[in-house]
Amino acid sequence: RWEEERYPEGIKWKFLEHKGPVFAPPYEPLPENVKFYYDGKVMKLSTKAEEVATFFAKMLDHEYTTKEIFRKNFFKDWRKEMTSEEKSTITNLSKCDFTHMSQYFKAQTEARKQMSKEEKQKIKDENERLLKEYGYCVMDNHKERIANFKIEPPGLFRGRGNHPKMGMLKRRIMPEDIIINCSKDSKIPSPPPGHKWKEVRHDNKVTWLVSWTENIQGSIKYIMLNPSSRIKGEKDWQKYETARRLKKCVDKIRNQYREDWKSKEMKVRQRAVALYFIDKLALRAGNEKEEGETADTVGCCSLRVEHIKLHPELDGQEYVVEFDFLGKDSIRYYNKVPVEKRVFKNLQLFMENKQPEDDLFDRLNTSILNKHLQDLMEGLTAKVFRTYNASITLQQQLKELTNPDDNIPAKILSYNRANRAVAILCNHQRAPPKTFEKSMMNLQSKIDAKKEQLADARRELKSAKADAKVRRDEKSKKTVESKKKAVQRIEEQLMKLEVQATDREENKQIALGTSKLNYLDPRISVAWCKKWGIPIEKIYNKTQREKFAWAIDMAEEDYEF
DNA sequence: GCTCAGACTTGGAAGAATCTTT
DNA sequence: AAAGATTCTTCCAAGTCTGAGC
């Protein structure tokens, strides 16, 4: 569908027109009868202070609001929004009572659920209108869907893990904060009445339409296109092509880093051991982070001595490395891995005379590592190994697990298992769903019921057969046939349920989404579907099919990653 | 080399929509 | 038709990596 690189190096588009962002709705003050209490007494808050209070009230049931850091950060920022009078009265968060406000919001949510069909439809229509007007742009000759055309509303920052900034106030974004990017010859979006944009620029070397600076980390946020767009799709395709190029030289690279374990230079040894981890364990690169600004998490290059334990022997295996650290999003990585003796010896060396909080690879960072990788293969960076290993694992697992004689549900179970192997490799975990146990039990009772139904059907079949033997007439023969069919149908249904139960159980703590969306070359899945006659809808839902339209178009059943 | 801003990808949870059961 | 379960979509945080400036 797309031809390769229609533009000179670095140029992303020739024409870009859009309507600008949709701002968060303005704050609506609470009705008079919704009270806030301080120290047991009713207190009427100024609009600004009230708005921030509602952010807290809405989160009251969440564990966040019990955390010391969250409360401290919130209170500090809240006080900044108060009038001087409020400031002098409200000095202690523990004396603030938000429960009435919280109840009000719960009632609102309930009321929204209870709305009539017409009212709900009205809201839906309004959302659709907004999407139609602001949700699309024109990039070159295509109308494209925008991913996030709505500006994030103000609220309380919720970091993940142990974030030092949790609870801080995310301020409201105004047109004056907004940079618009579009082409000169396009119809330039107009700011809301009485407002101005911070800037309008025409930079066709970037893909974003709108940007602003967020106040918690001071980082830039963007409005960009949907994954179904040409610009994202092409990039995605390129990513997998880079990973396929790695496939061709990965053996050479592996031999190289194994050689480097013996290097005289410490830096080279560290680089080689780190690369081994990235390759073998699919670890992330691990950039340095500013201390105290974010949760304390690490990747490969930023591992510290305290994150690994060396076991010369463990459970009958030699040279075992025990990893235990918090990775991206503060997800725990825990793994015991037997490694080659040389790696083990090197790790011992790297850890000599170091404190637990010292860097394991003190001579290495991601920039050094990536420069080296660039020399090994053009376009090679640390994350390409994750993509490569994820995709190659899927392909290999599909080959191994797919049984040609299986029916469709069983084949899909195999697919999910292959997907799961990748998710485990990439350490994509989720909190078990709150309703997990219950839903498993429900499914089990469905299975039991189905088993009984099957037993009944079999009994009926048996007696029908006996009957037919005696009577020897057409009618009873037909009855046998239809009973046979019924048994078969129920057997199939039972099998389907059992497969579902297995799949769900195995998936309890595994998140498949990220690998499916970001690491697995979609052409592998498309080819697999074609090969086994599985409808693509069983593997990809509508959004996913849109994102992977290029692959669905491109891949035949003999596609090899 | 090092730092930092900038741009873009990757990440799980929460909320909304839809389907299924009661 | 309400409630409950499941799936899809949105949200927005948190990574990776590049390149400019010194």
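Lettering follows sequence order; numbering is per chain, from 1.
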Quiz item: Given C/dC8, is OP1 or OP2 found less than 4.0 Å from the side-chain N or O atoms of A/K542?
Solution: no

Quiz item: Does A/T514 have a side-chain nitrogen or oxygen under 4.0 Å from the phosphate oxygens OP1 or OP2 of B/dT10?
Solution: no

By the 4.0 Å heavy-atom rule, please label [X] as base, sugar-phosphate, or nothing.
| X | answer |
| --- | --- |
| A/N442 | sugar-phosphate |
| A/T207 | sugar-phosphate |
| A/A147 | nothing |
| A/K371 | nothing |
| A/K124 | sugar-phosphate |
| A/K165 | nothing |
| A/I216 | nothing |
| A/R386 | sugar-phosphate |

Quiz prompt | Side chain proximity check, A/E378 to A/R245, heavy atoms < 4.5 angstrom | solution = yes

Quiz item: Once each nucleotide of nucleotides 12-22 of chain C is scored for protein heavy atoms under 4.0 Å, what B/S/- sequence comes out, 5' to 3'?
Solution: SBBSBBS----

Practice problem: Return the 5'-most residue of the pair A/E290, A/W208 with respect to DNA chain B, ranking by each residue's nearest nucleotide. | Solution: A/E290

Practice problem: Between A/Y222 and A/K267, just flag the one whose closest nucleotide in DNA chain B comes earlier from the 5' side. | Solution: A/K267

Quiz item: Got a donor-acceptor contact below 3.5 angstrom from the A/R386 side chain to the A/A282 backbone?
Solution: yes

Quiz prompt | Straight-line distance of A/D177 CG to A/T213 OG1, nearest 0.5 Å | solution = 8.0 Å

Quiz prompt | Rounded distance (nearest 0.5 Å) linking atom CZ of A/R304 with atom CG of A/L360 | solution = 11.0 Å

Practice problem: On the 0 to 90° scale, with breaks at 30° and 60°, tag the A/Y257-A/Y276 ring pair as parallel, tilted or perpendicular. | Solution: perpendicular

Separation of [X] atom [atom1] from [N] atom [atom2], in whole Å?
| X | N | atom1 | atom2 | result |
| --- | --- | --- | --- | --- |
| A/K232 | B/dT10 | NZ | P | 10 Å |
| A/K446 | C/dG4 | NZ | P | 16 Å |
| A/D236 | B/dC8 | CG | C1' | 12 Å |
| A/K12 | B/dC8 | NZ | C1' | 8 Å |
| A/M59 | B/dA13 | CE | P | 15 Å |

Exercise. Only one of A/F98, A/W78, A/Y64 passes ring-ring contact (aromatic ring centres under 6.0 Å, His included) with A/F56; say which it is.
Key: A/F98

Quiz item: What about A/H18 and A/F149, are their ring centers closer than 6.0 Å?
Solution: no

Quiz item: Quick one: which of B/dT10, B/dA13, B/dC8 gets closest to the side chain of A/K235?
Solution: B/dC8

